[in-house]
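Single-structure report; data block below.
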Number of protein chains: 4
Amino acid sequence: MSQRPRHAPDPARRRETSRRAILTAAFELAGEVGYSGLSIEGIAARAGVGKQTIYRWWPSKGAVLLDALMLALQGEAPQENAAPQDDAALPDTGDLRADLKTVLRATVAELNDPRFDGPLRALAVEMLNDPLLAARYAEHIEKPMRRMKTARLHSAQRAGELPQDADLGLAVELLWGTLRAAWLERHRPLTPAYADLIVDTVLDGLRAGARR
Amino acid sequence: MSQRPRHAPDPARRRETSRRAILTAAFELAGEVGYSGLSIEGIAARAGVGKQTIYRWWPSKGAVLLDALMLALQGEAPQENAAPQDDAALPDTGDLRADLKTVLRATVAELNDPRFDGPLRALAVEMLNDPLLAARYAEHIEKPMRRMKTARLHSAQRAGELPQDADLGLAVELLWGTLRAAWLERHRPLTPAYADLIVDTVLDGLRAGARR
Amino acid sequence: MSQRPRHAPDPARRRETSRRAILTAAFELAGEVGYSGLSIEGIAARAGVGKQTIYRWWPSKGAVLLDALMLALQGEAPQENAAPQDDAALPDTGDLRADLKTVLRATVAELNDPRFDGPLRALAVEMLNDPLLAARYAEHIEKPMRRMKTARLHSAQRAGELPQDADLGLAVELLWGTLRAAWLERHRPLTPAYADLIVDTVLDGLRAGARR
Amino acid sequence: MSQRPRHAPDPARRRETSRRAILTAAFELAGEVGYSGLSIEGIAARAGVGKQTIYRWWPSKGAVLLDALMLALQGEAPQENAAPQDDAALPDTGDLRADLKTVLRATVAELNDPRFDGPLRALAVEMLNDPLLAARYAEHIEKPMRRMKTARLHSAQRAGELPQDADLGLAVELLWGTLRAAWLERHRPLTPAYADLIVDTVLDGLRAGARR
DNA sequence: GGTTAATCGAGACGGTACGTCACGTCTTGTT
DNA sequence: AACAAGACGTGACGTACCGTCTCGATTAACC
C-alpha cells in the first residue's frame, strides 16, 4: 500500500542543513530568475549541494519549489504526520462582508509581495504541467485553506447571512479564484479596492436592483 | 539602394505550404506530448521543415502555438491588417441569464474537446512565462472576445437586466474566468450544470434571500 | 595516551569474512564486467560490504584486484611479513630448451584460462595508470617470478648452455614479455606452438645458418 | 554492407577548425593530465567546442586520441581513401643489424619524447579496453608499420642475412614489441644501448658460443 | 523566359541543463 | 573499533534542445 520507490532513501539520515540550503536557494532563485530560468543545476550550485541530493529527496523541480514555498510561508515544510495548522481559522466577527474584505485584502497584500511573486508564479506553472505536484499542493495547501474558507462561509450560512442552498465551493472559487486569476494572468492590478469589489459583487450578484 | 535590412524576411516570398505544415505539426504535437514535451525541433521534424523557417517567421514557440490554435479554431491565423470577425456577437434573445448559460455551455463543450485541451493548456503555460505572447494573445483573442462579452452585458444593462453601476469587466472575469480556472487547474469537472451554476450564482449573488 | 593516529586501522580487528568476500567479489566482477565496468561500489555491493571497509584496507581499486588475483592464484594474499614461496623454482632437467618450453606452455595455459583473463587484464590496465600499484605488483609477483626465471637461466649459463655475457634480464623479457604482450594486445592466438616458437627463436636467434 | 549508424552526420559539412581544435586539445590534455584525467568534457572545454560535436564525429574518447596522435605524428588524421605513406620504408643499407639499430634507436627517441609519452600511454590503455579502437589502430598504424618492418626483414631474408624459414612476424614482435613493453611498463629506462642490445640478442640468439 | 536573390530543407555548431553513475569522505547505528 | 549502510559534495557521463550559422536546391518575382 505505502509502497516506496526503488531504493528509498532513509529520511532519518537526511542532512537538515542541506535541505534548508536547497529550499532557500530554490526560493531565492525562483524570485530572481523566474520559472523559465530555474534549474536544478542552479539550485544545487547556489545551495552548495550535489545535484543527486536534490534528486534523492524530491521527484521534480516543482516539488522542491513547493517545499521551498511552504518553508518560506509557514516556516516549515509539510510533515507527513503533522496536520498543518489545524487551529488556524479565518476571522469571524459576525459580519461576513467585512471579514471577507479583510481576508481578500490580506491575500492581495501577499500576492503583491515581491518576494513571493516569482516563486508562486513558478509553482503555478509547474503545477499546470505536473498533476502529481498539483495533487501534493492540493493536499498540503489548497485543501486546508479551502477548509478554512468554507468553514467561514458555513458559519455565515448558519447565521443566516447566506442562503442554505448556496454552493460554498463555488463561492470560494468566485472570491479567491478570481483574485488569483487576476494576479496570475496579470489582467488587473491587485488593489484592496479590487478585493472589495469582488466581495461586494459576489455577495450581491449582478441583478438589477441589487442593493449593497 | 533600398536594400532591406538583413533580417527582415519578405512575407511575399513566404511558402504557404511550410507555414501550414508547421502550424499543423505544432497543434498536433501539443495535443500528443503536452506543453513540456513540445519543442521547436520536434515541430520542425514533424513538419518536414528546417528550424530556421520557424525562427524566421515566429519569435517564440508560444507564438507558433498561438497561430496554430487560431488556425485550428477560426480556420485562419491572425492577419495584421484584417479585423478578426468584427461582426461576431454573442446571442441576445433579451434573456441575459439564458443567453449566458448558452454561451458558457458552449465554452464548456469547447474546453472539453480533447483536440483542444493539450494545445490550449500549452498556450496557457507559455503565456504565463512570456508577457509578449500574452499581449499578442490579448490583442488577437482575448480583447475581441471580451468586447463581445461586454457588449452583451451592456445590452442587458440598457435593458434594465443589470444595474447601471455594475462592473462589467469584473462580471466577465467572474463568469468566464471562473470557468477557465476550473478547466486549467482541473479542480472541477466541466459540465453544463457547472456553467449554469456559475451564471446563476454570479447573477444572483450569495446573499440570503436572493431570488433565483 | 598512546593514541593511534586517526586513520591507522588495527589489523588485528580486521574481519576476515569481509576481506574474503571483497576479494572474491572483485575477482568475479573483473571477469564479468571487465576493467571499465569494475567499480568499488559494485564490489562492495556484491560483497555485501560497506564501501568504507574497502577504503580502510586498500589504497585503490587496483590494490584490491591485485590481492584478489593473488588469492585466486596462490590461495593467499600477500602477507607483509611472509616470504612468498621462496622454495618455488622452475623445472631444471638440464635441458634449458625443453624446460623453457614446458614453462611457457604452462604460461599459455594460464593466460588462456577464461577465469583469469578478465581479472588479469583489469590489473594490467590499472598498473599502467598507477605506478604505486605497479610497484606493489613488482614487489610481490613480478620480482619473485623474475628471480625464479633468472635462476633457471643462470643455471643454464653455469652449465654452458648460455654464454657468460648473456643479458639474462633481457632474455626474460624476450621470452615471457613477448608472450605476455601477445596475450595483452591480442595480436596472436596463444598456442603451445607459439610458446615453442618463441623459445626456439630466442635461443637460436635469427641469423642465417642458425642451428635449431 | 557499409551501413552507417542511425543519422550519420554529413562529413562535407564538418567544420575543420573545430576538428583541429578538438584534436589539439586532446593531444595536449593527454600529455598534461594523463589518461585517467582525460575527459571528453575537458577536451570540449579546452577546444571551445560543444560536447556534442565530439560525440557526433568520434565513437569514443580513444578514437579522438587516436586521431589526435595521427595528426601530431603524421600531420594528418587517417583518410578513408588515402593510403598512409605507402612509399615510406625502413632504411636498407644491406646491413640488417645496423639498419635495425638505427630504427630502434629512433623508436627509443620517439618514445622518450615527453610530448608523446602521455598521449601514447593514454591510447595504449584505451586500446586494452576497446577492441574496436584497437582494430582501428591496427588498421591505420600498426599494419602499415608492420608491413614496413616485415619488408625490411624480407629483404634481408632474400639477401641471405636471415634464414628462409624465419618467422618474420615473431621477429617484429621480439624486436619492437620488447622495446614497446619496456616503455609501456617502465621496467627499463629506454636507451640507445638497450635498443642495440635487443637487436644483437634477437639476431644472434642466446645459444652458447654465438658470436657477434 | 531567364536571371537572380530570398526562402527553403537540412543539419552542424557552441551552449546549457538534463538525470545518472561512481568517486572518496562522512556519519549513524550495530556487532 | 570495525562493520553495513548509505547520504553527502563532486564531477564526468551521454542526450536533448536551444537559437545561430552555414550550405546547396528550389522557387518566385522581376527583368
Side-chain angles (χ1 to χ4, degrees), chain A residues 7-15 17-18 37-42 44-45 47-57 60-61, chain B residues 3-4 6-15 17-18 21 37-45 47-57 59-61, chain C residues 4 7-15 17-18 21 37-42 44-45 47-57 59-61, chain D residues 7-15 17-19 21 37-45 47-57 60-61:
Chain A
H7 299 309
D10 179 355
R13 314 215 126 196
R14 186 166 189 178
R15 196 161 299 175
T17 59
S18 295
L38 194 61
S39 70
I40 297 259
E41 211 139 63
V49 137
K51 279 196 289 178
Q52 201 64 16
T53 301
I54 298 181
Y55 285 110
R56 183 154 32 229
W57 298 109
S60 68
K61 190 167 59 178
Chain B
Q3 204 172 341
R4 202 182 287 275
R6 270 209 307 143
H7 289 301
D10 179 355
R13 311 199 67 137
R14 185 168 187 178
R15 202 163 296 176
T17 59
S18 296
L38 194 61
S39 70
I40 297 258
E41 300 226 309
I43 295 170
V49 136
K51 283 197 289 177
Q52 198 60 259
T53 302
I54 299 181
Y55 285 109
R56 188 163 17 238
W57 299 110
S60 69
K61 187 168 64 179
Chain C
R4 199 183 288 277
H7 290 300
D10 178 357
R13 314 204 71 166
R14 185 167 189 178
R15 200 162 299 175
T17 58
S18 296
L38 194 61
S39 70
I40 298 258
E41 300 227 310
V49 136
K51 282 196 291 177
Q52 198 59 256
T53 303
I54 298 181
Y55 285 109
R56 183 159 27 233
W57 298 110
S60 68
K61 186 167 61 179
Chain D
H7 299 307
D10 179 356
R13 312 213 133 207
R14 186 167 189 177
R15 195 163 301 177
T17 59
S18 296
R19 193 184 136 267
L38 193 61
S39 70
I40 298 258
E41 211 138 63
I43 295 170
V49 137
K51 280 196 287 178
Q52 202 62 29
T53 300
I54 298 181
Y55 286 110
R56 180 152 38 228
W57 299 110
S60 68
K61 189 167 61 178

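Chain letters run A, B, ... following the sequence lines, proteins first, then strands; residues in each count from 1.
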Rounded to the Å, how far apart are D/R19 CZ and E/dG14 P? 14 Å
Interatomic distance, B/I43 CD1 vs E/dG9 C1' [rounded to whole Å]: 17 Å
Can you check whether B/T53 has a side-chain N or O nearer than 4.0 Å to OP1 or OP2 of E/dG9? yes
Residue closer to the 5' end of DNA chain F, C/G50 versus B/G37 (nearest nucleotide): C/G50
Validation row: D/T53, D/R56 side chains within 4.5 angstrom (heavy atoms): yes
How does protein contact run along nucleotides 26-31 of chain F, one letter per nucleotide 5' to 3', with B for base contact, S for sugar-phosphate only, - for none, heavy atoms under 4.0 Å? -BBS--
Applying a 4.0 Å non-hydrogen cut-off, can you work out what C/G42 is touching in the nucleic acid: base, sugar-phosphate, or nothing? nothing
CD1 of B/I40 to CD of B/Q52, rounded to nearest 0.5 Å, is 10.5 Å
For the student: nearest non-hydrogen atoms of D/A47 and D/A21, plus distance: CB-O, 3.5 Å
Between E/dC23, E/dC8, F/dC8, which nucleotide gets closest to the side-chain atoms of B/R56? E/dC8
I need the CD1-C1' distance between A/I40 and E/dA17, as an integer number of Å. 10 Å
Nearest heavy-atom neighbours spanning D/P9 and D/P11: O-CD, 3.2 Å
I need the CD-C1' distance between C/E41 and E/dC23, as an integer number of Å. 7 Å
Between C1' of E/dA6 and OH of B/Y55, the distance in whole Å: 21 Å
Distance (rounded to the nearest 0.5 Å) between D/W57 CH2 and D/R19 CZ: 11.0 Å
Between atom CD in D/Q52 and atom P in F/dA16, what is the gap in whole Å? 8 Å
Testing the basics here: between C/K51 and C/A44, what is the closest heavy-atom pair and its distance to 0.1 Å? CG-CB, 4.0 Å
Go through the N and O atoms of the side chain of D/K51 and the base of F/dG14, and report whether any donor-acceptor pair is under 3.5 Å. yes
Nearest to the side chain of A/P9, heavy atoms from C-beta on, is which of F/dC3, F/dA7, E/dC23? F/dA7
D/K61 atom NZ is separated from F/dC13 atom P, nearest whole Å, by 6 Å
Has B/W57 got a side-chain N or O lying under 4.0 Å from the OP1 or OP2 atom of E/dC8? yes
Just how far, in rounded Å, is P of E/dA10 from CD1 of B/I54? 12 Å
Whether A/S18 contacts F/dA7 is assessed here as follows: a side-chain N or O lying under 4.0 Å from the phosphate OP1 or OP2. Is that the case? no
